[in-house]
Amino acid sequence: AEKKERIVSAERVEIVDASEQLRILLEVGKDDSPQLVIMDSKGRKRIDVVLRSDVEPAITLYDPKEQSRASLRDTKEEEPHLQFWDRQGKLRMDLMINKDEFAGLKLIDSAGKQRVIAGVQGETCAIALLNEKERQVVELGSDPKGNYGIMLRDAEGKRVWSAPPK
């Protein structure tokens, strides 16, 4: 028998389960962004995969209330991010690599303030604790020569102690 290729061409494809519940949606949106959406048995969006503007791919995971909980995405500046949101929809963690090859982690409090920043760039590394005004109050880091130091600052950012002393 001759093998025939079967091609389906459409702007939107819907796949339903045995009870006619929509479970998978494949479409090209109004902005020409291709998107794959996977729903649970109750029709709630749980996963989507999208390519925005041909340069920003993203995979997002949703909770049963269709709230974003985790996302892996790349920006048009080619800066990948792995992000997590709490149950209230607030961004709480961002793991990323920027265009300058800084690999960093930001931890964000429930008020949306950055409270911990840790990162590595080249031969240097640093960890900073920030206060509620997002000012660095504790810094621990190294320089390219392998020297390490720690610095404590007051609430306004003024150095109050460091080791080695400066």
- Going through the checks in order, is the side-chain contact (heavy atoms from CB on, under 4.5 Å) test met by Thr75 and His81? CA-CA 8 Å; Thr75 67; His81 290 259; 3.9 Å; yes

Is the closest side-chain heavy-atom distance between [X] and [Y] below 4.5 Å?
X: Arg12; Y: Leu25; answer: yes
X: Arg153; Y: Glu139; answer: yes
X: Glu14; Y: Arg23; answer: no
X: Val116; Y: Leu130; answer: no
X: Val13; Y: Glu27; answer: no
X: Arg46; Y: Pro64; answer: yes
X: Ser33; Y: Leu51; answer: no
X: Met93; Y: Leu105; answer: yes

- Taking it one step at a time, do Glu66 and Arg44 satisfy side-chain contact (heavy atoms from CB on, under 4.5 Å)? CA-CA 6 Å; Glu66 295 186 308; Arg44 298 176 298 207; 4.0 Å; yes

Counting N and O atoms only, with roles assigned by atom type, does the side chain of [X] sit under 3.5 Å from a partner on the main chain of [Y], one being a donor and the other an acceptor?
X: Asp100; Y: Phe102; answer: no
X: Lys90; Y: Ser110; answer: yes
X: Gln114; Y: Ile108; answer: no
X: Ser142; Y: Asn147; answer: no
X: Gln35; Y: Val50; answer: no
X: Asp74; Y: Glu56; answer: no

Among side-chain atoms of [X] and [Y], is any donor-acceptor pair under 3.5 angstrom?
X: Asp143; Y: Tyr148; result: no
X: Arg73; Y: Gln83; result: yes
X: Gln21; Y: Ser19; result: no

- Any chance you could lay out the side-chain contact (heavy atoms from CB on, under 4.5 Å) test for Arg87 and Arg69, step after step, and finish with the verdict? CA-CA 7 Å; Arg87 286 186 174 91; Arg69 295 303 305 275; 3.5 Å; yes

When clusters are formed by joining ILVMFWY residues with side-chain heavy atoms under 4.5 Å apart, either directly or through shared neighbours, do [X] and [Y] land in the same one?
X: Ile38; Y: Leu61; value: yes
X: Ile15; Y: Leu22; value: no
X: Ile59; Y: Ile24; value: yes
X: Ile127; Y: Val138; value: no
X: Leu107; Y: Leu72; value: yes

- Kindly check if the number of other-residue, nucleotide or ligand heavy atoms within 6.0 Å of CD (Glu77) is above 12? yes

- Task: Might you confirm whether atom CD of Glu123 has over 12 heavy atoms from other residues, nucleotides or ligands at distances under 6.0 Å?
- Result: no

- Item | Closest non-hydrogen atom pair between Leu91 and Trp85, with its separation | N-CD1, 3.2 Å

- Query: Charged N to carboxylate O below 4.0 Å: is that the case for Arg135 and Glu156?
  - Reply: yes

- Item | Under-4.0 Å salt bridge between Asp109 and Arg115 | yes

